[in-house]
Amino acid sequence: MESLPSQNRNPLPNASLWPLTTSVDHGGRLIIGGCDVAALAQQYGTPLYLFDEVTIRTACRACRTAFAARHRGTTAVHYAGKALLNVAIAQIIADEGLGLDVVSGGELYVALRAGFPPQRIHMHGNAKTRAELEQALAAGIGQIIVDNLDELDMLRRLTANRSSPQPVALRIAPDIAADTHAHIQTGHATSKFGLPLDALDAAAEKLRTASGIRLTGLHAHLGSQLFDIAPYAAAIEVLLDSATRLRDRFGVLIEEINAGGGIGVPYTADQPLPDIDAWAALLGDTLVRGCERRGLPLMRLVIEPGRSIMARAGIALYTIVATKMLPHMRFLHIDGGMGDNIRPALYGARYTAALAERMRDPVEECVAIAGRYCESGDVLIRDLMLPRARVGEILAVPVAGAYTLSMASTYNLAPRPAVVLVNGGEARLIQRRETYEDLIVRDVG
Ligand SMILES: Cc1ncc(COP(=O)(O)O)c(C=O)c1O
């Protein structure tokens with residue numbers, strides 16, 4: 001066995017897009033976590049999502065180590081569960097010592113069922129319901145990140161009789177438009193997320209009389225899939241200005257700055273790998289210098305990566321079930337698509353792919369990968385160079401770990417895929433395939 005060959009000897013655009021344990025055997029078969037990928041596709045059926053445990057754990061450790069090394073104060077890395085969450089994933093994240101961000105009662109339920117320590121859970125959301133806030137309070141989670149004044153009012157009412165106050169952070173919309181797709185921009189002034197800067201005083205007034213709540217942090221999340229890290233420094237400055245205002249006007253001392261997640265990962269060969277160390281250095285330095293300049297005590301630094309922890313660890317496996325020849329190209333029709341990965345249809349996300357049993361074969365044609373769903377927009381990849389692919393072959397799509405299954409639907413009533421975790425030559429089913437029976441389990445009558 002050997003490492004993946006470089007681009008000019010292999011149809012793979014870039015070895016850095018595949019999980020860390022990826023190799024190709026002498027027969028040209030894709031091996032991940034010591035397991036033959038196409039054999040797993042035969043065993044478990046397709047579509048199948050396969051996750052490499054080593055890649056997940058390595059990403060967790062790299063992030064924790066980089067931030068601990070680059071910030072003089074304390075740091076915490078919270079995995080953003082919206083990227084992918086199930087019981088096994090929550091347990092790996094807990095085991096790696098990360099915190100967890102949830103954005104719904106459902107994510108909180110799964111985390112608690114997985115045994116995730118509640119103190120290390122933060123809850124986000126621009127429309128948390130009363131039931132979700134009650135659930136979070138009852139579970140004793142570490143922090144609720146308040147998104148708007150109505151939520152603050154609700155939380156004040158729900159915590160009125162508490163003996164120990166619930167820690168909260170305020171999410172601020174820092175009025176910074178990061179360079180990414182409009183659908184995944186979140187820090188601009190007109191975003192639906194976060195308190196407008198001019199609502200800070202109103203929030204502080206409400207907090208003044210809220211004995212059941214303790215404001216510990218300020219938060220901003222600029223968006224997702226960001227390659228330019230400079231806006232993070234600008235966001236920290238805005239948060240520190242807000243912390244200074246809270247101190248000067250209301251006597252409140254903020255202990256923690258949360259810079260959100262969002263660092264970009266490559267999906268295709270032309271995109272760079274994330275430089276976690278540079279990100280940590282920029283955030284750490286900006287925070288230390290910013291606190292010093294304003295005479296604020298050194299604060300804890302929190303970040304919330306999702307994609308950069310999970311995207312590269314996952315690959316999607318599909319069977320090519322049919323083809324369609326056009327004058328200038330061919331469609332390969334696969335047995336999955338927007339039901340398990342809506343990103344291309346939702347915001348034009350680009351992917352690459354390879355044939356899992358013919359990794360060494362020379363590329364011969366440009367194809368489009370058409371999903372199985374009844375939408376013309378369900379085209380997973382529009383221009384993919386492949387060897388001449390045949391019906392029945394297994395197509396492997398890398399960088400499929402984040403915002404795919406967590407956004408999956410049963411559109412067309414196609415059951416959602418199974419999920420397998422690989423490590424050291426062992427494969428473990430961590431989420432079974434949805435069945436037809438599952439599809440009617442909620443139907444009444
Ligand atoms: C508040 C918040 N934090 C963290 C994240 C994770 O972002 P990413 O997966 O891009 O790292 C998101 C995702 O959009 C988010 O909304």
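For ligands, and for the atoms within them, numbers begin at 1 and follow the listed sequence. Note that the structure is predicted; figures quoted are calculated from it, not measured. Any value given below was found using the heavy atoms of this structure, including those in side chains, with hydrogens, waters and symmetry copies removed. Starting from 1, each residue takes its place in the sequence as its number.
- Between E205 and R208, at least one side-chain N (NZ, or NE/NH1/NH2) sits under 4.0 Å from a carboxylate O, which counts as a salt bridge.
- Taking atom 14 (O) of ligand 1 as the reference point, the nearest protein heavy-atom neighbour is H221 NE2, 3.2 Å.
- A cation-pi contact links R343 to Y267, judged by a cut-off of 6.0 Å to the six-membered ring centre and 45° from its axis.
- Among the atoms of R171, none of the N or O lies under 3.5 angstrom from an N or O of ligand 1.
- With respect to E151 and K206, no salt bridge is recorded, no charged nitrogen being found less than 4.0 Å from a carboxylate O.
- Here the shortest heavy-atom pairing between A278 and D275 reads N-OD1, 3.0 Å.
- Both the backbone and the side chain of R307 come within 4.0 Å of ligand 1, counting heavy atoms alone.
- Here atom 7 (O) of ligand 1 lies nearest to G262 when heavy atoms of G262, G223, A311 are compared.
- R70 meets the side-chain hydrogen bond (donor to acceptor under 3.5 Å, both in side chains) test with D277; sequence neighbours excluded.
- Distances shorter than 4.0 angstrom occur between a heavy atom of P305 and an atom of ligand 1.
- Considering backbone and side-chain atoms alike, G306 places an N or O below 3.5 Å from some N or O of ligand 1.
- Taking the six-membered ring where tryptophan is involved, the planes of Y411 and Y373 are essentially parallel, since the angle between them stays under 30° and well short of 60°.
- Using a 4.0 Å cut-off between charged nitrogen and carboxylate oxygen, E255 and R300 do not count as a salt-bridge pair.
- Contact annotation: the side chain of Q431 never approaches that of R416 to less than 4.5 Å [non-hydrogen atoms, C-beta and beyond].
- In terms of polar-atom proximity, H124 is not counted as a contact of ligand 1, lacking any N or O under 3.5 Å from an N or O of the ligand.
- Not a single heavy atom of F193 sits under 4.0 Å from any atom of ligand 1.
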Can H221 and H124 be said to form a ring-ring contact (aromatic ring centres under 6.0 Å, His included), step by step?
-> CA-CA 11 Å; H221 171 72; H124 270 288; 7.8 Å; no

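- Contacts of S224 with ligand 1, taken as heavy-atom pairs under 4.0 Å, involve both backbone and side chain.
- The contact set between ligand 1 and A80, taken as ligand atoms under 4.0 Å from a residue heavy atom, comprises 4 (C), 5 (C), 6 (C).
- Looking only at heavy atoms of the protein, atom 15 (C) of ligand 1 is closest to K82 NZ, 2.8 Å.
- Protein heavy atom nearest atom 4 (C) of ligand 1, with residue, atom name and distance: E304 O, 3.1 Å.
- For ligand 1, the atoms lying closer than 4.0 Å to a non-hydrogen atom of Y403 are 6 (C), 7 (O), 8 (P), 9 (O), 13 (C).
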